[in-house]
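What you are looking at is a predicted structure, and each value in this text was computed from that prediction instead of being measured. All residue numbers in this chain count up from 1 along the given sequence.
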Amino acid sequence: MIPLQVPTDYDVVEPGLDSIKFESPWMTPDSIDFLVRHLKADMNVLEIGAGGSTLFFARRCRHVTAIELDAQYHDILRESIREKDLGDRIALEHIPSERVMSRLASLDIQFDVISIDHGVHVPSRSECLDAVMHLWSGKILVMDNWAKREAWPGHKGKTAQWYMEKYPMCAGCEFHKFGHDRWVGKGTMVIINQNLI
């Protein structure tokens, strides 16, 4: 198993570059542990919102398609990918927020893991999820800050039954919510196919 080091006080509003430094998603620690146990080496990943999570997924999965909305953060991450020699496992793109939806509409491959954790609210994470759900193979879906209405206006407070009715590929999945008393992002939800448990 690949060792993972989560920084102390990883619940701050701005993690700075610790996420990239530690190759760790900026998500609740329990959700990270859960992902470590269930990711597979043959999985393809789509990330909307890149960072330490991009490196984390690249170390454990076949390939990561990562979309980052912030140009400066994209450049920092791109340099880290180069330094760590992970360029063959990561396709990193900077897509400004006004072009994200058209870029998502152009994707035409299947992803085993979809992770949505971008830092702006236009487009919302709900809009992004709706745009890419048809590309999901039904294995692992990661929704960070799932309890924040401004991030997930179309999904906050919805039940597992609602997800399964709206997205048929969620049938046969388990819904794991990882909260944390101090976590500013209100928690991470991982939807995972029961066959992976």
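- Here the CE atom belonging to M169 is positioned 13.5 Å from the CE atom belonging to M164, to the nearest 0.5 angstrom.
- Proximity of a side-chain donor or acceptor of W152 to a complementary backbone N or O of D144 within less than 3.5 Å is detected.
- Every side-chain hydrogen bond (donor to acceptor under 3.5 Å, both in side chains) that S137 has, sequence neighbours left out, goes to D112.
- Put simply, CZ on F57 and CD1 on I140 are 8.0 Å apart, with the number rounded to the nearest 0.5 Å.
- Under the rule for a salt bridge (charged side-chain N to carboxylate O under 4.0 Å, His left out), D70 has no partner lying at least two apart in sequence or in another chain.
- Not a single side-chain hydrogen bond (donor to acceptor under 3.5 Å, both in side chains) links Q110 to another residue, sequence neighbours left out.
- A 4.5 Å side-chain heavy-atom check between P123 and S97 finds at least one atom pair inside the cut-off.
- Taken from NE2 in H63 to CZ in R89, the straight-line distance is 9.0 Å, to the nearest 0.5 Å.
- The two residues S124 and E127 have their closest heavy-atom pair at N-OE1, 2.7 Å.
- Scanning all heavy atoms of the two residues, the minimum distance from C170 to F175 falls at CB-CZ, 4.2 Å.
- E68 pairs by the side-chain hydrogen bond (donor to acceptor under 3.5 Å, both in side chains) definition with nothing, not counting sequence neighbours.
- Note on ring orientation: taking the six-membered ring where Trp is involved, the planes of H176 and F34 are tilted (angle from 30° to 60°).
- Side-chain contact check for Q72 versus L77: every heavy-atom pair is 4.5 Å or farther apart.
- Applying the side-chain contact (heavy atoms from CB on, under 4.5 Å) rule to D42 yields the partners K40, R62; only residues at least two apart in sequence or on another chain are considered.
- Side-chain atoms of L135 and M133, non-hydrogen and from C-beta on, never get closer than 4.5 Å to each other.
- Using bins of under 30°, 30° to 60° and over 60° for the plane-to-plane angle, the ring pair W162/Y167 lands in the perpendicular bin.
- With values rounded to the nearest 0.5 angstrom, C173 atom SG is found 8.5 Å from L141 atom CG.
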Verify side chain to side chain contact (heavy atoms under 4.5 Å, CB included) between L196 and M43, making sure each step is shown before the conclusion. CA-CA 12 Å; L196 295 174; M43 289 179 166; 3.9 Å; yes
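- I192 places none of its side-chain heavy atoms less than 4.5 Å from the side chain of K139.
- Residues H118 and L69 are in side-chain contact: their nearest non-hydrogen atoms beyond the backbone lie under 4.5 Å apart.
- Under the side-chain hydrogen bond (donor to acceptor under 3.5 Å, both in side chains) criterion, K158 pairs with no residue at all, not counting sequence neighbours.
- In this structure, a donor-acceptor pair under 3.5 Å is absent between the side chains of R99 and S102.
- Partners of E79 under the salt bridge (charged side-chain N to carboxylate O under 4.0 Å, His left out) rule, at least two apart in sequence or in another chain, are R82.
- Nearest heavy-atom pair across G187 and T28 is CA-CG2, 3.7 Å.
- Take R78 and apply the salt bridge (charged side-chain N to carboxylate O under 4.0 Å, His left out) test, not counting sequence neighbours, and it matches D75.
- Scanning for side-chain contact (heavy atoms from CB on, under 4.5 Å) contacts around A66 gives E47, A50, T54, V64, L92, with sequence neighbours left out.
- By the neighbour-count criterion of 12 heavy atoms within 6.0 Å, atom CG of D85 is sparsely surrounded, having that number or fewer from other residues, nucleotides or ligands.
- Distance alone, capped at 3.5 Å, places no donor-acceptor pair between the S53 side chain and the F56 backbone.
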What do the steps show when you test V132 against L46 for side chain to side chain contact (heavy atoms under 4.5 Å, CB included), and what is the final call? CA-CA 9 Å; V132 299; L46 171 64; 4.0 Å; yes
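- Not a single salt bridge (charged side-chain N to carboxylate O under 4.0 Å, His left out) links D30 to another residue, sequence neighbours left out.
- Between the side chain of T188 and the backbone N or O of F178, no donor-acceptor pair lies under 3.5 Å.
- Counting only residues at least two apart or in different chains, ring pair (Phe, Tyr, Trp, His ring centres under 6.0 Å) contacts with residues 89-116 comprise H74-H94.
- Expressed to the nearest 0.5 Å, how far CG of L35 lies from OG of S24 amounts to 10.0 Å.
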So D117 and R125, side chain to side chain contact (heavy atoms under 4.5 Å, CB included) or not? Walk me through it. CA-CA 7 Å; D117 186 20; R125 297 179 191 197; 3.2 Å; yes
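- Between C128 and L104, some side-chain heavy-atom pair lies under the 4.5 Å cut-off.
- Between the CH2 atom of W146 and the NZ atom of K156 there is a distance of 7.5 Å, given to the nearest 0.5 Å.
- Scanning both residues, P25 and S19, for their nearest heavy atoms gives C-OG, 4.3 Å.
- Counting heavy atoms from C-beta on, the side chains of V142 and I116 never come closer than 4.5 Å.
- Note on I67 and V122: separate hydrophobic clusters, where clusters join Ile, Leu, Val, Met, Phe, Trp and Tyr whose side-chain heavy atoms are under 4.5 Å apart, directly or indirectly.
- Counting heavy atoms from C-beta outward, V190 and E174 have side chains that stay 4.5 Å or more apart.
- For S80, the side-chain contact (heavy atoms from CB on, under 4.5 Å) partners two or more places apart in sequence, or in a different chain, are I20, L55, K84.
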